[in-house]
Amino acid sequence: MNELEINKRKTFGIVSHPDAGKTTLTEKLLLFGGAIQVAGAVKSNKIKKSATSDFMEIEKQRGISVATSVMAFDYKDLKVNILDTPGHEDFAEDTYRTLTAVDSVIVVIDAAKGVESQTEKLVKVCRMRNTPIIVFVNKLDREGKDAFDLLDEIESKLDIQVTPLSWPIGMGQHFKGVFSIFEKNLKLFKPHGKQDEEDTIEIASVNDPLLEKIVGIQDAKTLKEEVKLISEVYPAFEREDYLLGMISPVFFGSAINNFGVRELLDCFIQIAPQPLPRQAEERIIEPNEAGFSGFVFKIHANMDPNHRDRIAFLRICSGVFHRNTNYLHVRQNRKLKFSNPTSFMAAKKTIVEEAFPGDVIGLYDSGNFKIGDTLTEGEVLHFKGIPRFSPEMFRYVNNVDPLKTKQLAKGLDQLMDEGVAQLFTKEFDGRKLIGTVGALQFDVIQYRLLHEYGASVQFEPVNLYKACWISAEKDSDLQAFLQRRKRDLAKDKSGKWVYLAESPWALKLLQENNPEITFHFISEFE
Ligand code: G4P
């Protein structure tokens, strides 16, 4: 029974640089799955740069991102779970963490802009874990880069090997459709999403005389040449290689025109992995194990300050989760049970009785969870791969209202558990520093501390380049270093030592002069 349910599930994320078309593609996928009825139902979960000081906008976006955190739908007897990832780079850490909860990703690339910076960063994180990647080149209805050039760019900038499974015929105004290398047919393009069944023409190969009749002599000739070149240059698609993260199939289309999206989805459900095993510090956990386990990868605070509850998003890794059943909260070493676990089927929140590996459920939480927490049936497990990243922007926190010291401490504590930013306490003078990956977080923190906890803070700039975790093989080496560099040391929330480097040069020099010390840029190291 459990095995059957596991095999039905595909849990993935869509990643892209802002504006490449992630929201549009998500929406079209949901339309196919019947999860929404009309286009425009998925609000863009975007925070534009201009919105940095517009707090209402931040709140609004927060509401949207609760609703779109997980979008589950049924398609051809399968259960597809899309986990949303914020595109805005200031929230990159949120995205990194969400990527720990998926089994594969679809990367969307704008045909005109090619591979952009945010895509590069996110794919790097996927590569670290060998997450299987499918690439969707979007906006073929506009003039874009040459398809071969795009493949080269994807390979070099994303450091992945690709193989096209569809190929465009023309582009922009002359875009006629795509030849599906995967299904061996021709899909003809009509703008404005007006594709229907008749626009798919089965042809045995590009040598089929029908091809010339349909796309014209010149385009048929080009397509033949290009498909030949593809077969010579790119490896044939092997699912095994894709599952190992060694090769990424590429599709071409236009999300807004709903072109190439069904082909992408149909191929995705055939090739994408089912829920995969997860690595815990103690051992590897297989999805088909009987005992339930799962981890929290995201926490969302309720936006109503009168109800300070939060939703913790839990990815189920093994066994079956049941409502109203006692589970071990490993970090707190106590049993918890949940009366209202939520699923996000068809974009609606409903209470679930049970959930299976690959599923994500929302647990109402009054402050028990922090990111990375594990729930099990009793075994002590700590899932790996939910690191914190070395922040790059720092400010001192100054309490403006001494009467609200307690509220401030509580607010900071909870916001840090949610993963909004990281708090460091300097060893030398006990001052508290907040470190983030993006500037927007400071606005969010200040606003939320005031509105949800009644605490006022001011931030004081501090000139720092990076905070990195430190370790040494010999404890005596570490102790000696700690003694020497007292002024530049802090502890993170879990009590780990962190070195505060002022500049890349200072850090480099320090590394050279202290070879016995290892400087880590993610919090997870052994
Ligand atoms: P994002 O989530 O990755 O940030 O991108 P989103 O889907 O919001 O798309 C960004 C812009 O690109 C949108 O236009 C969207 O309509 C457009 N777009 C998406 N797919 C295609 C496509 O296949 N072809 C073309 N030509 N455009 C596409 P916008 O003007 O920013 O927003 P809107 O006013 O259309 O909502």
Side-chain angles (χ1 to χ4, degrees), residues 12-32 35-36 38-51 57 60-61 64-65 67-71 82-92 94-95 98-99 105-123 126 133-145 147 150 154 158 166 168-178 187-195 199 250-265 347 438 440:
F12 77 109
I14 305 181
V15 299
S16 74
H17 193 86
D19 277 347
K22 182 171 72 77
T23 311
T24 313
L25 179 65
T26 307
E27 182 168 287
K28 303 297 175 195
L29 293 174
L30 293 179
L31 277 168
F32 283 127
I36 53 168
V38 287
V42 180
K43 298 271 183 323
S44 172
N45 172 18
K46 278 195 281 191
I47 296 180
K48 298 240 159 83
K49 269 275 182 245
S50 58
E57 187 63 18
K60 209 168 79 197
Q61 294 295 349
I64 292 169
S65 65
T68 60
S69 283
V70 189
M71 291 162 281
I82 307 183
L83 307 195
D84 194 27
T85 54
H88 194 293
E89 67 177 321
D90 284 6
F91 292 90
D94 244 12
T95 301
T98 297
L99 291 177
V105 297
I106 294 179
V107 174
V108 184
I109 286 167
D110 182 326
K113 294 190 181 144
V115 176
E116 296 171 87
S117 58
Q118 196 59 13
T119 312
E120 266 183 74
K121 281 192 203 157
L122 296 173
V123 170
C126 297
I133 298 170
I134 295 178
V135 179
F136 182 72
V137 178
N138 190 28
K139 307 198 186 180
L140 266 278
D141 58 317
R142 284 202 191 149
E143 285 312 319
K145 298 187 181 183
L150 275 167
I154 294 168
L158 299 183
S166 75
I169 305 166
M171 202 176 253
Q173 295 222 330
H174 305 288
F175 181 48
K176 291 195 175 155
V178 294
K187 305 260 178 324
L188 298 181
F189 176 71
K190 281 190 208 154
H192 314 302
K194 295 217 176 85
Q195 269 64 49
D199 299 325
V250 181
F251 289 83
F252 292 83
S254 167
I256 196 101
N257 289 295
N258 206 353
F259 186 80
V261 179
R262 184 184 282 277
E263 292 68 39
L264 174 73
L265 179 60
L440 197 51

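Bear in mind that the values here come from a model prediction, so they are computed numbers and not experimental data. Every number for a ligand or one of its atoms is a count from 1 in the order of the listing. No hydrogens, no waters, no symmetry mates; every other heavy atom, side chains included, goes into these values.
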Do the side chain of [X] and the main chain of [Y] share a donor and acceptor less than 3.5 angstrom apart?
X	Y	result
Asn138	Ala255	yes
Ser254	Gly260	no
Thr119	His17	yes

If you take all heavy atoms of [X] and [Y], which pair is closest and at what distance?
X	Y	answer
Leu122	Ser16	CD1-O, 4.2 Å
Asp84	Lys22	OD1-NZ, 3.0 Å
Glu116	Asp110	OE2-CB, 4.3 Å

Within the 4.0 Å heavy-atom shell around [X], which atoms of ligand 1 are there?
X	answer
Ser254	22 (C), 23 (O), 24 (N)
Asp19	1 (P), 3 (O), 4 (O), 5 (O), 10 (C), 12 (O)
Pro18	4 (O)
Lys22	1 (P), 2 (O), 3 (O), 5 (O), 7 (O)
Ser16	3 (O)

Review point. Taking the six-membered ring for Trp, are Phe175 and Phe189 parallel (under 30°), tilted (30 to 60°) or perpendicular (over 60°)?
Key: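 Plane angle between 30° and 60°, so tilted.
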
Point to revise | Any N/O pair Ala255/ligand 1 closer than 3.5 Å | key: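 Between Ala255 and ligand 1 (N or O atoms, distance only) the closest approach is under 3.5 Å.
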
Review point. Less than 3.5 Å between some nitrogen or oxygen of Gly21 and one of ligand 1, yes or no?
Key: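 Yes.
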
Between [X] and ligand 1, which part of the residue brings a heavy atom under 4.0 Å of the ligand: side chain, backbone, both or neither?
X	value
Ile256	both
Arg142	side chain
Asn138	side chain

Exercise for review: Measure the shortest side-chain to side-chain distance between Leu29 and Leu25 over non-hydrogen atoms and say whether it is less than 4.5 angstrom.
Suggested key: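 In short, these two side chains touch, coming nearer than 4.5 Å.
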
Exercise for review: Mark the output for Asn257 as yes if a heavy-atom distance to ligand 1 is under 4.0 Å, and as no if none is.
Suggested key: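 No, that is not the case, since the closest heavy atom of the residue is not under 4.0 Å from the ligand.
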
